[in-house]
Asks: 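First the structure, then my questions, so here it is.
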Amino acid sequence: MSASAPAERSIGDLVATLLLIGFSVGAAVVLFFVSLVWAIGNHDNTVAIVLGGYLPLALAVIGAVAGIVALSRKHRAFWYPLIALVLSIAAWLIALSMVR
């Protein structure tokens with residue numbers, strides 16, 4: 001039974017990691033396009049656009065790469081895209097507070 005437990009854990013980790021990578025990349029793309037709307041305004045929102053648009057994309061890519069590397073090394077990998085997703089949303093919310 002000890003041989004099947006690591007296999008089940010790795011399959012669950014693989015599925016969770018791939019779902020979180022897809023969700024974090026999708027959320028980063030949505031946040032990017034929503035932050036582009038801020039460029040339409042009359043005020044200079046350059047810092048907010050960079051913080052809310054480009055940073056979530058960069059964090060999603062870093063989280064995806066780190067998750068794939070952790071999967072290949074047989075480590076728990078779902079943490080990396082999960083942390084990237086949380087940091088992306090936090091960065092976008094900070095940028096949103098700068099726009100208003």
Asks: Side-chain heavy atoms under 4.5 angstrom apart, residues restricted to Ile, Leu, Val, Met, Phe, Trp, Tyr: same cluster for L57 and F33?
Replies: yes

Asks: Calculate, to the nearest 0.5 Å, the distance between atoms CH2 and CG belonging to W79 and L20 respectively.
Replies: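 That separation rounds to 10.5 Å.
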
Asks: Hydrophobic cluster membership, with links at side-chain heavy-atom distances under 4.5 Å among I/L/V/M/F/W/Y: are Y54 and V37 in one?
Replies: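 No, because Y54 and V37 fall into different hydrophobic clusters, even though each may have its own neighbours under 4.5 Å.
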
Asks: Determine, using the 4.5 Å side-chain heavy-atom cutoff (strictly less than), whether V30 and I62 are members of one ILVMFWY cluster.
Replies: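 V30 does not cluster with I62.
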
Asks: Check for a donor-acceptor pair, side chain of S24 on one end and backbone N or O of L85 on the other, with a separation under 3.5 Å.
Replies: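 Flag not set: sc S24 to bb L85 has no pair under 3.5 Å.
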
Asks: Mind checking whether V99 and L93 sit in one hydrophobic cluster, side chains of I, L, V, M, F, W, Y counted as touching below 4.5 Å?
Replies: yes

Asks: What are the two closest non-hydrogen atoms of G63 and A84, and how far apart are they?
Replies: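 Answer, listing the atom of G63 first, then A84: CA-CB, 3.9 Å.
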
Asks: List the atom of P56, the atom of A28, and the distance in Å for their closest heavy-atom pair.
Replies: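 Shortest heavy-atom contact: O-CB, 3.4 Å.
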
Asks: With rounding to the nearest 0.5 Å, note down the distance linking CG in L96 to CG in L51.
Replies: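 One finds 10.5 Å between CG of L96 and CG of L51.
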
Asks: Could you grab the distance from atom CG of L36 to atom CG of N45, nearest 0.5 Å is fine?
Replies: 11.5 Å

Asks: If you measure from CH2 on W92 to OG on S97, what distance do you get to the nearest 0.5 Å?
Replies: 10.5 Å

Asks: Identify the heavy atoms of M98 and V47 that sit nearest to each other, and give their distance.
Replies: CE-CG1, 3.3 Å

Asks: Is it the case that one hydrophobic cluster holds both L87 and L55, taking links as side-chain heavy atoms less than 4.5 Å apart, direct or via other members?
Replies: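 Yes: a chain of side-chain contacts under 4.5 Å links L87 to L55.
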
Asks: Looking only at heavy atoms, what is the nearest atom pair of Y80 and A70, with distance?
Replies: CE1-CB, 3.5 Å

Asks: Say you draw a straight line from OG1 of T17 to CG of L71; how long is it, rounded to the nearest 0.5 Å?
Replies: 4.5 Å

Asks: Which heavy atom in G53 sits nearest to a heavy atom in F32, and how many Å separate them?
Replies: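 In this case the closest contact between G53 and F32 is O-CD1, 3.3 Å.
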
Asks: On a heavy-atom basis, which atom in A95 and which in A48 lie closest, and how many Å separate them?
Replies: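 Nearest heavy atoms, A95 then A48: CB-O, 3.3 Å.
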
Asks: Say you draw a straight line from CD1 of I89 to CG of L31; how long is it, rounded to the nearest 0.5 Å?
Replies: 6.5 Å

